[in-house]
J.: 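I am attaching a structure below and will ask some questions about it afterwards.
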Number of protein chains: 2
Amino acid sequence: MSSVFKALSDPTRRRVLQLLRAGPMSAGEIAARFEVSKPTMSAHFAVLREADLVHAEKAGKSVIYHLKLSVLEEALLGFVHSFGAGAEGSRAVPDDIPDKEPAT
Amino acid sequence: MSSVFKALSDPTRRRVLQLLRAGPMSAGEIAARFEVSKPTMSAHFAVLREADLVHAEKAGKSVIYHLKLSVLEEALLGFVHSFGAGAEGSRAVPDDIPDKEPAT
DNA sequence: CTCTCGTTTCGATATTTAGCTAAACATCGT
DNA sequence: ACGATGTTTAGCTAAATATCGAAACGAGAG
C-alpha cells in the first residue's frame, strides 16, 4: 500500500505509467522519452516493479514493461472505497494499524 | 496531484485520514492517538492541509479537522480514470507534461 | 491576567530520495 | 567473440523528510 503511493508520488514514475497506458513498451523506448540517466531510469523501474504497478517481461535482448492496470485500480479504488465512498460503515481492510490502544 | 500522493505516502498521515473518516476531530484528539510529538503532528497536519485533504476549522480554542472526502475521491478516482479504467481512449487531464518532445 | 490548545520556529540529527558518472555484468542475438 | 540492451554496484552530491526537545507565540476561554 505504502509502496504504491510511494511509487505514485514521483512525477517521473507517474509519467512512465501514463506512457505505459498506451501499451507495453521496452525499457529503452521508455528511457528515450526522459532526460535521466540509465541507472536512474532503472531505479524508477525497480520502484514501479516493487509496487507491482508494472510487469517486466524479457523479450530477447530487451525488457518489455507492462502496466498492471488492475493493481493500480485495486489499490487506489480499494483505498478510496475503504473511506466509505458511498458506503458509510465500511471498515474494510485497514492498511495501517493504530499507534495507541483505542483508550477503550 | 503530487501533493496528494505525497501526503498519502506516509502511514501516519493515512492513519489520520482514516481516523477522520469517522467524523471531524480536534487536533488534540487526533494527536492523542499517536506517539509522535506535537510539532511532528502539526507538520503532518500541515501536509494534509496543503494537499487539501483536510479542512481546519477553528472552534474556540481548539482546531477541528474535517476530512475532505470529495477531494480525496476526485484525486484518486480522477487519476485512475485517466488511465482508461473502463474507458480506453481517454486522455483526460494529463497531470504531468512529457520530458522530451514526442519525437514526432 | 493566566491557562489551554495548537502552531511555529530553532537547532539538531538521521533517513530517504533523486540524481550523476563510471564501470562491471548478465543476456541474448549475430 | 562482439555488440546491444538493461540491470546493478560503487561512490558521491544535494535536497527533502521525519523525527526530536525546548521554547516562543497567537487566539480564546475563564
Side-chain angles (χ1 to χ4, degrees), chain A residues 1-20 24-67 96-100 103, chain B residues 1-17 19-20 24-67 95-100 103:
Chain A
M1 174 57 78
S2 255
S3 57
V4 171
F5 286 122
K6 223 36 176 341
L8 257 27
S9 72
D10 182 87
T12 297
R13 287 190 289 265
R14 283 203 303 276
R15 279 177 232 144
V16 170
L17 293 181
Q18 305 222 354
L19 258 192
L20 251 28
M25 204 176 291
S26 76
E29 273 274 64
I30 300 170
R33 261 117 175 147
F34 296 85
E35 296 265 287
V36 299
S37 68
K38 273 184 201 303
T40 296
M41 275 312 293
S42 267
H44 281 309
F45 291 149
V47 172
L48 290 173
R49 263 185 263 125
E50 211 175 286
D52 201 33
L53 290 174
V54 299
H55 164 238
E57 181 200 9
K58 274 180 54 183
K61 47 185 169 186
S62 48
V63 174
I64 309 296
Y65 279 102
H66 300 251
L67 170 63
D96 298 304
I97 25 91
D99 266 11
K100 283 185 174 175
Chain B
M1 174 58 77
S2 254
S3 57
V4 171
F5 286 123
K6 225 33 178 340
L8 256 27
S9 74
D10 182 89
T12 296
R13 288 191 286 265
R14 284 202 303 275
R15 280 178 231 141
V16 170
L17 293 181
L19 261 191
L20 251 28
M25 204 175 293
S26 76
E29 274 274 63
I30 300 171
R33 262 119 174 147
F34 296 87
E35 297 265 290
V36 299
S37 69
K38 274 185 201 299
T40 297
M41 276 312 293
S42 267
H44 281 308
F45 291 148
V47 172
L48 290 172
R49 263 184 263 125
E50 211 175 286
D52 201 34
L53 290 174
V54 298
H55 164 239
E57 181 200 7
K58 273 180 57 182
K61 47 186 168 185
S62 48
V63 175
I64 310 295
Y65 278 103
H66 302 250
L67 171 64
D95 101 336
D96 298 304
I97 26 87
D99 267 11
K100 282 185 175 176

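Computed from heavy atoms alone, side chains included, the values below leave out hydrogens, waters and symmetry copies. Residue numbering restarts at 1 for every chain, and letters A, B, ... go by the order of the sequence lines. Because the structure is a prediction, the values reported are computed rather than measured.
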J.: Quick one: closest heavy-atom pair of L20(B) and V54(B), and the distance?
T.: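 Nearest heavy atoms, L20(B) then V54(B): CD2-CG1, 3.8 Å.
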
J.: Can you tabulate the close N/O pairs, meaning under 3.5 Å, that link protein atoms to atoms of nucleotides 19-23 of chain C?
T.:
{"residue": "dG19(C)", "atom": "OP2", "partner": "H44(A)", "partner atom": "NE2", "Å": "2.3"}
{"residue": "dC20(C)", "atom": "OP1", "partner": "S37(A)", "partner atom": "N", "Å": "3.3"}
{"residue": "dC20(C)", "atom": "OP2", "partner": "S37(A)", "partner atom": "N", "Å": "3.0"}
{"residue": "dC20(C)", "atom": "OP2", "partner": "S37(A)", "partner atom": "OG", "Å": "2.8"}
{"residue": "dC20(C)", "atom": "OP2", "partner": "T40(A)", "partner atom": "OG1", "Å": "2.5"}

J.: Rounded to whole angstroms, how far apart are CZ on F5(B) and P on dA18(C)?
T.: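 After rounding, the gap between these two atoms is 15 Å.
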
J.: Between C1' on dA27(D) and CD1 on I64(B), what's the gap in Å once rounded to a whole number?
T.: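 For the pair I64(B) CD1 and dA27(D) C1', the rounded distance is 15 Å.
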
J.: Expressed in angstrom and rounded to an integer, what is the separation of K6(B) atom NZ from dT17(D) atom C1'?
T.: 8 Å

J.: Indicate yes or no for a side-chain donor-acceptor contact from R33(A) to the backbone of E29(A) under 3.5 Å, with no hydrogens or angles considered.
T.: yes

J.: Hey, could you give me the OG1/CG distance between T12(B) and L48(B), rounded to the nearest 0.5 Å?
T.: 10.0 Å

J.: Describe, as an angle rounded to 10 degrees, how the axis at the first end of the helix from dC1(C)-dG30(D) to dT30(C)-dA1(D) is tilted relative to the axis at the last end, five pairs per end.
T.: 30°

J.: Show me the pairs that pass side chain to side chain donor-acceptor pair (under 3.5 Å) and involve residues 54-63 of chain A, at least two apart or across chains.
T.: E57(A)-H66(A)

J.: Indicate, with a heavy-atom threshold strictly under 4.0 Å, whether S62(B) touches base, sugar-phosphate, or nothing.
T.: sugar-phosphate

J.: Is there a side-chain contact between S26(A) and the phosphate of dT5(D), meaning an N or O under 4.0 Å from OP1 or OP2?
T.: no

J.: Expressed in angstrom and rounded to an integer, what is the separation of E57(A) atom CD from dG6(D) atom P?
T.: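 Checked: the CD to P distance equals 13 Å.
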
J.: Set out, line by line, the N/O atom pairs under 3.5 Å between protein and nucleotides 27-30 of chain C.
T.:
{"residue": "dT27(C)", "atom": "O3'", "partner": "K58(A)", "partner atom": "NZ", "Å": "3.1"}
{"residue": "dC28(C)", "atom": "OP1", "partner": "K58(A)", "partner atom": "NZ", "Å": "3.0"}

J.: Name all residues meeting the side-chain contact (heavy atoms from CB on, under 4.5 Å) criterion together with S37(B); count only those two or more places apart in sequence or in a different chain, and write none if there are none.
T.: P39(B), T40(B)

J.: Between atom CD1 in I30(A) and atom P in dT5(D), what is the gap in whole Å?
T.: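 Going from I30(A) (CD1) to dT5(D) (P), I get 15 Å.
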
J.: Whether Y65(B) contacts dC5(C) is assessed here as follows: a side-chain N or O lying under 4.0 Å from the phosphate OP1 or OP2. Is that the case?
T.: no

J.: So, does R13(B) use its side chain to make a donor-acceptor pair with the main chain of L8(B) at under 3.5 Å?
T.: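 Checking the backbone N and O of L8(B) against the side chain of R13(B), no donor-acceptor pair under 3.5 Å is found.
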
J.: R15(B) has an atom CZ; how far is it from atom P of dA18(D), in whole Å?
T.: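 It is 13 Å, rounded to the nearest whole Å.
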
J.: Looking only at heavy atoms, what is the nearest atom pair of S42(A) and R49(A), with distance?
T.: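 Smallest interatomic distance, heavy atoms only, reads O-NH2, 4.0 Å.
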
J.: If every non-hydrogen atom of A56(A) is compared with every non-hydrogen atom of Y65(A), which pair is closest and at what distance?
T.: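 It is CB-CE2, 3.5 Å.
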
J.: Tell me every residue that passes salt bridge (Lys or Arg N to Asp or Glu O under 4.0 Å) with E50(B), counting only those two or more places apart in sequence or in another chain.
T.: none

J.: Quick check: closest heavy atoms across V4(A) and A51(A), and the distance to 0.1 Å?
T.: CG2-O, 3.9 Å

J.: Tell me the interatomic distance from E29(A), atom CD, to dA4(D), atom P, rounded to whole angstroms.
T.: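 So the CD-P distance, E29(A) to dA4(D), works out to 17 Å.
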
J.: What is the distance, to the nearest angstrom, from the CG atom on L48(A) to the P atom on dT7(D)?
T.: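 That distance rounds to 11 Å.
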
J.: Return yes if a side-chain donor-acceptor contact under 3.5 Å exists between R14(A) and S2(B), otherwise no.
T.: yes

